[in-house]
Amino acid sequence: MTSEDLPRRKKIRLEGYDYSANGLYFVTICVTEKYQVLWENVGANSVRPLTANEILHPKLSVTGKLVKRKLTEISEHYPDVFVEMSCIMSDHVHIIIKIEKQPKNGRTLSTPTSETPTLSRVIKHFKEAVTKELGYSIWQKSFYDTIIKNRKQHAEIRQYIANNPAKYVKIAFDEQDMK
């Protein structure tokens, strides 16, 4: 068997795109095996079904609180990178990241420099920071991203993130009704 016979990972980044360019990026990072470790009282750990209020306003687990803290620290490590919006679900995280290179000496940077991180570098650092503090990794390899191209798409993604917990409620309650 040669290396050509082995399965290859699908490329999920837009080829030729500069992921350090100014812009907005919608990112989803998943927990490995869909383990529900970011909220309290979900999945196999749940003794009773959650109420709609508990799902709409979930209590973050210790791991979820760590993830939230590390999200807020991204701009401390990368001054040109901002978390515009995020939603920590039980087994994944949605984030809108804004990369905005700050003017240096009155001139906006238009080309990447060693100071300008790529989106992959930012996400890698975030995942490593969570892993280091936990002592083990909870993350799937890689992440999903969408380059936000216009205001309409931006508004739709913001609404999707805001509605994600409510969508989860509907799915959870529909599954309970089927049992």
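Numbers here simply count residues along the sequence, with the first being 1.
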For Phe82 and Ile97, what are the C-alpha separation, side-chain angles and deciding distance, and is it a side chain to side chain contact (heavy atoms under 4.5 Å, CB included)?
CA-CA 6 Å; Phe82 310 92; Ile97 290 183; over 6 Å; no
Relative to the ring of His94, is the ring of Tyr160 parallel (under 30°), tilted (30 to 60°) or perpendicular (over 60°)?
perpendicular
Tell me which one of Leu134, Ile29, Leu38 satisfies side-chain contact (heavy atoms from CB on, under 4.5 Å) with Val67.
Leu38
If you compare all heavy atoms of Pro117 against all heavy atoms of Val81, which two are closest, and at what distance to 0.1 Å?
CG-CG2, 3.7 Å
Do Phe126 and Ile96 sit in the same hydrophobic cluster, where Ile, Leu, Val, Met, Phe, Trp and Tyr count as joined when their side-chain heavy atoms come under 4.5 Å apart?
no
Within one Ile-Leu-Val-Met-Phe-Trp-Tyr cluster: Ile88 and Ile157, side-chain cutoff 4.5 Å:
no
Quick one: pull up CG in Leu66 and CG in Leu71 and give me the separation to the nearest 0.5 Å.
9.5 Å
Might you work through the side chain to side chain contact (heavy atoms under 4.5 Å, CB included) test for Phe26 and His154, ending with a clear yes or no?
CA-CA 9 Å; Phe26 173 46; His154 185 212; over 6 Å; no
Would a single hydrophobic cluster contain both Ile95 and Val37, if residues Ile, Leu, Val, Met, Phe, Trp and Tyr are joined by side-chain heavy-atom contacts under 4.5 Å?
yes
Quick one: CD on Gln36 to NE2 on His92, what's the gap to the nearest 0.5 Å?
10.5 Å
Looking only at heavy atoms, which two atoms of Trp139 and Val93 are closest? And how far apart?
CH2-CG2, 4.2 Å
Going from CE on Met89 to NZ on Lys34, what distance comes out if it is rounded to the nearest 0.5 angstrom?
12.5 Å
Look up atom CD in Glu133 and atom OG1 in Thr63, then write down how far apart they are to the nearest 0.5 Å.
10.0 Å
Between Lys127 and Gln140, which heavy-atom pair has the shortest distance, and what is it?
NZ-O, 2.9 Å
I need the minimum non-hydrogen distance between Ser86 and Val83, along with the two atoms involved.
CB-CG1, 4.2 Å
Any idea which heavy atoms bring Ile99 and Leu119 closest together, and the distance?
CD1-N, 4.3 Å
Salt bridge flag under 4.0 Å for residues Glu156 and Lys152:
yes
Which pair of non-hydrogen atoms, one from Lys101 and one from Ser20, has the smallest distance, and what is that distance?
CE-O, 2.8 Å
In one Ile/Leu/Val/Met/Phe/Trp/Tyr side-chain cluster, 4.5 Å: Tyr25, Ile161:
no
Close side-chain approach of Val122 and Tyr19, heavy atoms under 4.5 Å
no
With rounding to the nearest 0.5 angstrom, report the CD1 to OG1 distance, Ile138 to Thr131.
7.0 Å
Would you compute the distance between atom CG of Leu24 and atom OG1 of Thr146 and round it to the nearest 0.5 angstrom?
12.0 Å
Under 4.5 Å between side-chain heavy atoms, hopping through other hydrophobics if needed: is there a path connecting Ile74 to Met85?
no
